[in-house]
Amino acid sequence: MNDPAGKQLDHHPEMSAREADSYRNDFVRHLCQTVPGIKESVIVDAAGCWLKTAEGRVLLDMISGIAVSNLGHCHPAVVKAVQDQVARFSHVDVYGRHTLPPQVEIARRLASVTPGDLDVAFLTSTGTEATEGSLKLARKYTGRPGFVAFERAFHGRTFGALSVTWREEWRKPFEPLLGPVRFVPFDDLDAADRAIDEDIAAVIVEPIQGEGGVRIPSDRFLPGLRELCSRRGALLICDEVQGGMGRSGQWFSCQNWGVTPDVITVAKAFGGGLPLGAFISTAEILSTFLDPPLSHLTTFGGNPVSCAAAIAAFDVIRDQGLVERAAEMGEYLRSGLRSVRRSRPGTLAGIRGIGLWCAFDVQPAALAQPLVEEMARRGVVVGSMLNSTGTVRVAPPLVVEQEQIDRFIEVLESSLNTLEG
């Protein structure tokens with residue numbers, strides 16, 4: 001149970017039961033809770049695709065901290081880059097008087113893989129900040145008020161990002177939100193055609209819906225959206241927060257259809273495990289933030305330590321061919337899932353995926369959460385989806401090995417055996 005540098009994870013407890021319980025209880029006592037209940041594990045160490053709990057249990061991480069840890073945990077290149085940068089400086093005025101080489105280096109790297117002439121980045125700390133910035137940018141550039149988003153979409157939790165996130169029960173308590181926003185069915189060009197008019201500043205879309213259940217559209221959908229936006233004068237924003245940085249077998253999931261949007265948002269895996277996001281566009285579009293000066297600003301976005309981690313992660317992904325490997329290993333993962341479905345056609349109702357980004361539906365839908373919990377008890381971490389009831393998430397690190405995928409399949413089968421009696 002090692003990472004690429006050979007870091008060892010053993011099964012020795014690192015806390016007494018009393019100390020671990022104290023952390024669990026004070027987590028609930030002192031940290032704001034949005035999901036009720038005591039957490040299942042206290043994590044004390046991690047390496048590669050493995051996590052270690054306070055009690056000494058070693059868990060196989062098959063969701064990468066929700067598509068964040070593309071290189072697994074504690075990759076030596078990222079660890080060294082972070083240590084070296086902290087020894088130089090960890091924070092100065094990130095959008096002020098100084099040029100910071102780590103910001104320039106990661107922006108150069110982004111520009112080398114983004115489609116078309118999207119070669120200017122505004123660095124943020126999170127994906128929801130990237131969404132907020134892209135919405136502001138679209139309004140400022142077009143002079144229009146409205147947005148089109150899609151059913152099952154998830155773009156973040158702050159006011160603007162929440163406004164274009166589909167699930168009404170999350171939006172309702174915080175209304176009035178940013179508007180007007182029109183939600184249309186995903187992969188429905190006719191509905192999008194009716195929704196996009198002269199009041200729409202931008203259409204925001206996940207080329208592959210993440211929290212919606214890894215929904216992959218038909219081949220005509222994204223090119224059709226591009227054509228509609230170009231014809232109507234609206235910007236096309238592609239949310240690549242989950243799908244970017246190689247997860248889909250391309251650097252950005254929109255590249256699977258050869259589409260160049262007006263804006264791309266990234267976060268999650270972009271930071272190599274540290275908080276970092278960005279929205280990326282053309283020099284012309286982003287120049288709108290110069291009038292007036294300081295139209296958009298951040299204190300911590302593009303933090304040099306996060307940029308250093310991102311540079312190291314980017315270089316490993318590029319130099320080790322992990323984008324291409326994601327496509328290969330993803331097919332191996334889905335072949336394993338298909339083998340499980342052949343033996344349980346009534347339970348596994350659907351398997352979807354591209355690259356190392358997969359989901360499967362279970363019947364009945366209420367089986368999903370017990371399955372997630374049973375697999376955790378057996379040492380494998382998977383997850384449910386925010387906007388897709390009855391769906392299980394599988395998104396391992398891009399460095400996952402075949403034997404780890406085999407272990408996941410074994411635990412899935414044994415967990416289903418237990419739950420189905």
Side-chain angles (χ1 to χ4, degrees), residues 30-32 34 64-71 73-75 77-111 114 118-138 140 154-165 178 237 239-242 244-245 263-281 286 288-290 292-315:
H30 295 301
L31 293 167
C32 175
T34 60
S64 308
I66 310 184
V68 169
S69 303
N70 271 9
L71 303 187
H73 303 280
C74 296
H75 191 284
V78 175
V79 171
K80 183 177 187 306
V82 168
Q83 291 172 336
D84 289 349
Q85 184 58 49
V86 168
R88 294 187 186 99
F89 57 89
S90 59
H91 176 79
V92 295
D93 188 352
V94 297
Y95 273 96
R97 299 170 58 188
H98 311 294
T99 295
L100 305 184
Q103 292 184 337
V104 177
E105 290 289 347
I106 192 57
R108 286 172 174 168
R109 284 162 170 78
L110 275 178
T114 44
L118 306 183
D119 60 1
V120 179
F122 188 106
L123 299 174
T124 67
S125 298
T126 65
T128 196
E129 291 174 66
T131 300
E132 294 285 344
S134 69
L135 298 178
K136 284 180 65 177
L137 179 65
K140 180 77 165 53
F154 182 86
H155 298 291
R157 302 283 195 176
T158 49
F159 269 94
L162 184 60
S163 301
V164 292
T165 290
L178 180 70
I237 301 169
D239 181 336
E240 297 278 4
V241 170
Q242 283 198 44
M245 311 313 295
V263 185
I264 286 176
T265 64
V266 294
K268 290 192 180 290
F270 176 46
L274 272 64
L276 188 67
F279 54 103
I280 310 145
S281 189
L286 277 165
T288 192
F289 280 160
L290 285 169
L294 307 181
S295 288
H296 198 62
L297 207 62
T298 177
T299 296
F300 286 106
N303 173 270
V305 179
S306 294
C307 287
I311 293 163
F314 184 102
D315 289 352

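Along the sequence shown, residues carry numbers from 1. No experiment lies behind these values; they were computed from the predicted model shown.
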List the atom of [X], the atom of [Y], and the distance in Å for their closest heavy-atom pair.
X: Ala111; Y: Asp119; result: CB-CB, 3.8 Å
X: Asn70; Y: Met245; result: ND2-O, 2.9 Å
X: Lys140; Y: Ser295; result: CE-OG, 4.2 Å
X: Ala278; Y: Ala130; result: O-CB, 3.4 Å
X: Ser306; Y: Pro275; result: OG-O, 2.9 Å
X: Ala312; Y: Ala77; result: CB-O, 3.6 Å

When rounded to the nearest 0.5 angstrom, what is the spacing between [atom1] in [X] and [atom2] in [Y]?
X: Lys268; Y: Ser69; atom1: NZ; atom2: OG; value: 10.5 Å
X: Thr124; Y: Asn303; atom1: OG1; atom2: CG; value: 12.0 Å
X: Thr34; Y: Arg157; atom1: OG1; atom2: CZ; value: 7.5 Å
X: Lys136; Y: Phe289; atom1: NZ; atom2: CZ; value: 6.0 Å
X: Leu110; Y: Ile280; atom1: CG; atom2: CD1; value: 4.5 Å
X: Ile264; Y: Asp239; atom1: CD1; atom2: CG; value: 10.5 Å

Report yes if the side chains of [X] and [Y] come closer than 4.5 Å at any heavy-atom pair, otherwise no.
X: Leu137; Y: His296; result: no
X: Leu123; Y: Ile106; result: yes
X: Leu100; Y: Val92; result: yes
X: Phe154; Y: Val241; result: no
X: Phe279; Y: Ile237; result: no

Charged N to carboxylate O under 4.0 angstrom, Arg109 versus Glu105?
->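 Result for this pair is yes, salt bridge flagged.
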Backbone N or O of Ala161 within a donor-acceptor pair of the Glu132 side chain at under 3.5 Å?
->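 Side chain of Glu132 to backbone of Ala161, a donor-acceptor pair under 3.5 Å: yes, one is there.
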Between the main-chain N or O of Val266 and the side-chain N or O of Glu240, is there a donor-acceptor pair closer than 3.5 Å?
-> no
Go through the side-chain N and O atoms of Thr265 and Thr131 and say whether any donor and acceptor fall under 3.5 Å apart.
-> no
Of all residues at least two apart in sequence or in a different chain, which pass the side chain to side chain donor-acceptor pair (under 3.5 Å) check with Ser125?
->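 Partners of Ser125 under the side chain to side chain donor-acceptor pair (under 3.5 Å) test: none.
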